[in-house]
Enquirer: 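Take a look at the following structure, please.
Note that the structure is predicted; figures quoted are calculated from it, not measured. Only this structure's heavy atoms are used, side chains among them; waters, hydrogens and symmetry mates stay out. Each chain gets a letter, A, B and so on, in the order its sequence line appears, and its residues count up from 1.
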Protein chains: 2
Amino acid sequence: MSSSLPDVDFDNLHNLLGYHLRRAQVAVFKDFEAAVGSESITPGLLGALTIIGANEGLSQNMLADALALDRSTLVSVIDKLEARQLVKREKSPQDRRRHALFLTNDGREVLARTKQKVVEHEKKISQGMSPEERAKLIDLLRGLYK
Amino acid sequence: MSSSLPDVDFDNLHNLLGYHLRRAQVAVFKDFEAAVGSESITPGLLGALTIIGANEGLSQNMLADALALDRSTLVSVIDKLEARQLVKREKSPQDRRRHALFLTNDGREVLARTKQKVVEHEKKISQGMSPEERAKLIDLLRGLYK
DNA sequence: TATTGTTATACTCTATAACTATA
DNA sequence: TATAGTTATAGAGTATAACAATA
């Protein structure tokens, strides 16, 4: 049994965007895991995979900027994807400081399969809202960081 | 200089709720830190402090349920608040397995000051939307986890 | 000098499993 | 047996600072 009581007073918490943002993010992350768990891909890894797939040869710094991550953070993201042989780094011939990023064939397959699952996951989590509400939600969320 | 190019292709990422949720959460968390940073209170600590303040004497399990956290996770939250002397644990006389949670006088002061700052922070992050949009956003976020 | 990627390090947030004490 | 809290451990996600190779 749960130990929750029906009468906990939330004070002003329920009027804080930050609070609902965290709750929503945790819930959506969990559902994402359940939906694509068999591929062992997290939202962060999928984001990187998606952008590499659509921009093969881009550098780590470009990818870090696109995902709004620090470049040191991106190193471990790429390390994980490379360890799973979904992505490969290649020295850029134009600028040998850079690593050009590419999907492997495995990476392309996993991305395709995962995309399919993510479409279903997104449909599931937004089943309680209309397409217009979903678009509005995305719009309002963008307003919070752009 | 940034290394971003204007032409990174985001594929379907911009149509995923999960993606915008993460971006928004990171941005809002950062602004929260900047706004209340001088108190060294994170959103999670504030949530706990708020609910304890409005429900003095509640148990750790009740609080964990209210915040949707595991009870082991809550232990470290309370440890941090107690180390800062904002909260105190007391053995419940009714059920000696339980810890009843209370704010200290410091806790009450920090909570009051922080609440004020959070109101300003919330106003700032939602300045781009109308009050109706803000309410709608909260409503839609709730739909994602309830 | 500046940029790209890496490493070392650190901090937050979260959970599962096994434990103690109490009920 | 079951619950409340704790500990040990783990893993995701994030960053800053210092460094080597290259520009």
Enquirer: Nearest whole Å is fine: how far is dT7(D) P from L74(B) CG?
Expert: 14 Å

Enquirer: Any side-chain N or O of N61(B) below 4.0 angstrom from OP1/OP2 of dG5(D)?
Expert: yes

Enquirer: Between A68(A) and P93(A), which has a closest nucleotide on DNA chain D that is more 5'?
Expert: A68(A)

Enquirer: Is there side-chain contact between S126(A) and E133(A), with at least one heavy-atom pair below 4.5 Å?
Expert: no

Enquirer: In whole angstrom, give the distance that lies between atom CZ of R22(B) and atom P of dT12(C).
Expert: 20 Å

Enquirer: Looking only at side-chain atoms of S59(A), point me to the closest of dA17(D), dG5(C), dA17(C).
Expert: dG5(C)

Enquirer: Let me know the distance between NZ of K30(B) and C1' of dA15(D), rounded to the nearest Å.
Expert: 9 Å

Enquirer: Can you check whether I51(B) reaches D9(A) side chain to side chain, under 4.5 Å on heavy atoms?
Expert: no

Enquirer: Without decimals, in angstroms, what is the distance between R96(A) CZ and dT6(C) P?
Expert: 14 Å

Enquirer: Scan L69(A) against the nucleic acid and name what it touches under 4.0 Å (heavy atoms): base, sugar-phosphate only, or nothing.
Expert: sugar-phosphate

Enquirer: Just call it for R71(A): base, sugar-phosphate, or nothing, with non-hydrogen atoms closer than 4.0 Å on any strand.
Expert: base

Enquirer: Measure the distance from CZ on F29(B) to P on dA15(D) and round it to the nearest whole Å.
Expert: 12 Å

Enquirer: When you measure from the side-chain N and O atoms of R98(B) to the phosphate of dT6(D), is any distance below 4.0 Å, counting only OP1 and OP2?
Expert: no

Enquirer: Do you know which two heavy atoms are closest between F29(B) and P43(B), and how far apart they sit?
Expert: CE1-CD, 3.5 Å

Enquirer: Please check the phosphate of dG13(D) (OP1 and OP2 only) for any side-chain N or O of T73(A) closer than 4.0 Å.
Expert: no

Enquirer: Please tell me which of D79(A) and V26(A) maps to the more 5' nucleotide of DNA chain C, matching each residue to the nucleotide holding its nearest heavy atom.
Expert: D79(A)

Enquirer: Given atom CZ of R97(B) and atom C1' of dT20(C), what is their separation to the nearest angstrom?
Expert: 12 Å

Enquirer: Is the shortest side-chain N/O distance from Q60(B) to OP1 or OP2 of dT3(D) below 4.0 Å?
Expert: no

Enquirer: Could R113(A) and E39(A) be called an ion pair, given the rule that one side-chain N must be under 4.0 Å from one carboxylate O?
Expert: yes

Enquirer: Which nucleotide sits closest to the side chain of K80(A): dT14(C), dA8(C), dA12(D)?
Expert: dA12(D)

Enquirer: Could you state the atom-to-atom distance from CD of E90(A) to P of dT4(C) in whole Å?
Expert: 19 Å

Enquirer: Checking all strands, does T42(B) fall into the base, sugar-phosphate, or nothing category for heavy-atom contacts under 4.0 angstrom?
Expert: sugar-phosphate

Enquirer: Indicate the ring-plane relationship of H20(B) and Y145(A), choosing parallel, tilted or perpendicular according to the 30° and 60° boundaries.
Expert: parallel

Enquirer: Give a yes/no on whether any side-chain N or O of R89(A) is located under 4.0 angstrom from OP1 or OP2 of dT4(C).
Expert: no

Enquirer: Could you tell me the separation between the CD atom of E33(B) and the P atom of dT16(D), rounded to a whole number of Å?
Expert: 10 Å

Enquirer: Give D95(A) one of three labels, base, sugar-phosphate or nothing, depending on what nucleic acid heavy atoms sit under 4.0 Å from its own.
Expert: sugar-phosphate

Enquirer: Please give me the minimum heavy-atom distance between I125(B) and L144(A), naming the atom from each residue.
Expert: O-CD2, 3.5 Å

Enquirer: On a plain distance test, is the side chain of S72(A) in donor-acceptor contact with the base of dT14(D) below 3.5 Å?
Expert: no

